Amino acid sequence: MAEKSININGEEVKFKVTGGTPVHYLSLFGKDFLAEFIALEKDMNAGTLTDFMPFYRIAWLMAKKADESVPQLEEWLDSFEDGFPVIDLLQELMPLIQANFKSNLNKPKPKKK
């Protein structure tokens, strides 16, 4: 699990990603979380990002995981009266998502004394 608070237009918004996030995403949107995230990352790095819907869905789900009181997606986005800074948030949230899905399989366990 990974969490982060980000100030969006003067409002602190919490985001959370867990191992169950991809399953929840699939059940809500019928889309593959990791495939959409990888495509977002690729497009962002190439400077060709034109479809923001996957990011809106990912960001909303992460906010909803951190705070159950977050309203439905459209209402949540509308609550940001001064806009929703997609590119800035992508840069903030991508490392959080990447860190949650890193492999620990070959990481040595600390030795017990």
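Atom set for the values below is all heavy atoms of this structure, side chains included, hydrogens, waters and symmetry mates excluded. From a predicted model like this one, the values you see are computed outputs, not experimental measurements.
Ring centers of Phe84 and Trp60: at least 6.0 Å apart, outside the cut-off.
The shortest distance between side-chain heavy atoms of Lys65 and Phe15 does not fall below 4.5 Å. Looking at Phe52 and Ile87, their side chains come closer than 4.5 Å, going by heavy atoms from C-beta outward. You'll find the side chain of Met53 reaches within 4.5 Å of the side chain of Leu73, heavy atoms only. By the 4.5 Å heavy-atom criterion applied to side chains, Thr21 and Ile97 are not counted as neighbours. Two residues are said to be in side-chain contact when any heavy atoms from C-beta on lie closer than 4.5 Å; Tyr25 and Leu34 fail this criterion. The side-chain heavy atoms of Lys64 and His24, taken from C-beta on, include no pair separated by under 4.5 Å. Between Val13 and Trp76 there is a side-chain heavy-atom pair separated by less than 4.5 Å.
Annotation: Glu74, atom CD; neighbour count of heavy atoms from other residues, nucleotides and ligands within 6.0 Å does not exceed 12.
In the hydrophobic cluster analysis, where Ile, Leu, Val, Met, Phe, Trp and Tyr join through side-chain heavy atoms closer than 4.5 angstrom, Val23 is grouped apart from Ile38. Under the 4.5 Å side-chain heavy-atom criterion for Ile, Leu, Val, Met, Phe, Trp and Tyr, Leu26 and Ile58 are members of distinct hydrophobic clusters. Both Leu77 and Leu40 are assigned to one and the same hydrophobic cluster, defined by single-linkage of ILVMFWY side chains at heavy-atom distances under 4.5 Å.
Of the residues Gln98, Lys4, Glu3, Met62, the one that meets the side chain to side chain contact (heavy atoms under 4.5 Å, CB included) test with Val17 is Met62.
Taken from CD in Glu11 to OG in Ser5, the straight-line distance is 11.0 Å, to the nearest 0.5 Å. Considering CG of Leu49 and CG of Leu90, their distance stands at 6.0 Å, rounded to 0.5 Å. Distance check: Ile6 CD1 to Leu93 CG gives 4.0 Å after rounding to the nearest 0.5 Å.
A donor-acceptor distance shorter than 3.5 angstrom exists from the side chain of Asn9 to the backbone of Gly83, with no hydrogens or angles considered.
Scanning all heavy atoms of the two residues, the minimum distance from Pro85 to Ile8 falls at CD-CG2, 3.8 Å.
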